[in-house]
Amino acid sequence: MRRAIYPGSFDPVTNGHLDIIERARKLFDEVIVAVAHNDAKAPLFTLEERLDLLRSTMGKIDNVRVDHFSGLLVEFARTNDAIAVIRGLRAISDFEFEFQMALMNRKLEAQVETIFLMPKEEYTYLSSRIVKEIARLGGDVSKFVPPPVAKALAAKIK
Ligand code: ADP
């Protein structure tokens, strides 16, 4: 069983995340989409809401599971017998931070490989942060996020 973890804040999940999940699930037997508890980041959506949005968006996909974790990612990977961590790379601006994380995670756990996947070009400018910003300013986010997320954003930002 070749299992990968796709970790992130998913605050909220966007079409960019879904693109990466689709790519990852073709490469691995199972992908665990792992939502990080990150109160320090002051997320707009609670952990429960972020999990619900992922689950309602994806429905039942054979080899994708949604879970959450706190603490060290490599520890979560080890507990779940995962051989890889998936990260999405959008632009050079993602690179420095991702490079540092990947090498640090390798120091902490040499058995877990970080794999970078690039989304479809049209998603390279997309981030949860910018989607929240557009929603706050009253813009239409329906092209960037799945329907349940657009609805949840409208309800949250009134
Ligand atoms: P984090 O707080 O870990 O950055 P995010 O939810 O913002 O959490 O992102 C999780 C992962 O998904 C990261 O690897 C990020 O680079 C990637 N990602 C986010 N948005 C996109 C996108 N539009 N296209 C490709 N990858 C993305």
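Counting starts at 1 for both ligands and their atoms, in listed order. Hydrogens, waters and symmetry mates are skipped; everything else that's a heavy atom, side chains included, is used. The residues of the chain are indexed from 1 along the displayed sequence.
The closest side-chain heavy-atom distance from Ile86 to Leu117 is below 4.5 Å. Two residues are said to be in side-chain contact when any heavy atoms from C-beta on lie closer than 4.5 Å; Leu153 and Leu44 meet this criterion.
In Lys41, the part holding a heavy atom less than 4.0 Å from any atom of ligand 1 is the side chain. Under 4.0 Å from ligand 1, heavy atoms of Arg87 appear from its side chain as well as its backbone. At a heavy-atom cutoff of 4.0 Å, ligand 1 is contacted by no atom of Ala36, backbone or side chain.
Here Glu30 does not pair with Arg25 in a salt bridge; the nearest charged N to carboxylate O distance is not below 4.0 Å. Classification of Asp11 and Lys132 as a salt-bridged pair holds, one side-chain N sitting under 4.0 Å from a carboxylate O. For the pair Glu109 and Arg106, the salt-bridge criterion is not met [side-chain N within less than 4.0 Å of a carboxylate O].
Heavy-atom proximity to Pro7, at under 4.0 Å, picks out these atoms of ligand 1: 10 (C), 11 (C). Against a heavy-atom cut-off of under 4.0 Å, Phe10 is close to the following atoms of ligand 1: 6 (O). Heavy-atom proximity to Leu126, at under 4.0 Å, picks out these atoms of ligand 1: 20 (N), 21 (C), 22 (C), 23 (N). Residue Glu98 has at least one heavy-atom neighbour below 4.0 Å for each of these atoms of ligand 1: 14 (O), 16 (O).
Closest to atom 21 (C) of ligand 1 among all protein heavy atoms lies Arg90 CD, 3.6 Å. In this structure, atom 7 (O) of ligand 1 lies nearest to the protein heavy atom His17 NE2, 4.2 Å. The protein atom (non-hydrogen) at minimum distance from atom 25 (C) of ligand 1 is Pro119 CG, 3.3 Å. Remark: minimum distance from atom 14 (O) of ligand 1 to any protein heavy atom is reached at Gly88 N, 2.9 Å.
Although no hydrogens or angles enter the test, the distance criterion places a donor-acceptor pair under 3.5 Å between the side chain of Arg3 and the main chain of Asn80.
Heavy atoms of Tyr6 come nearer than 4.0 angstrom to ligand 1 in at least one pair.
Scanning all heavy atoms of the two residues, the minimum distance from Ala150 to Val145 falls at N-CG2, 3.7 Å.
His37 has its ring centre no less than 6.0 Å from the ring centre of Phe69.
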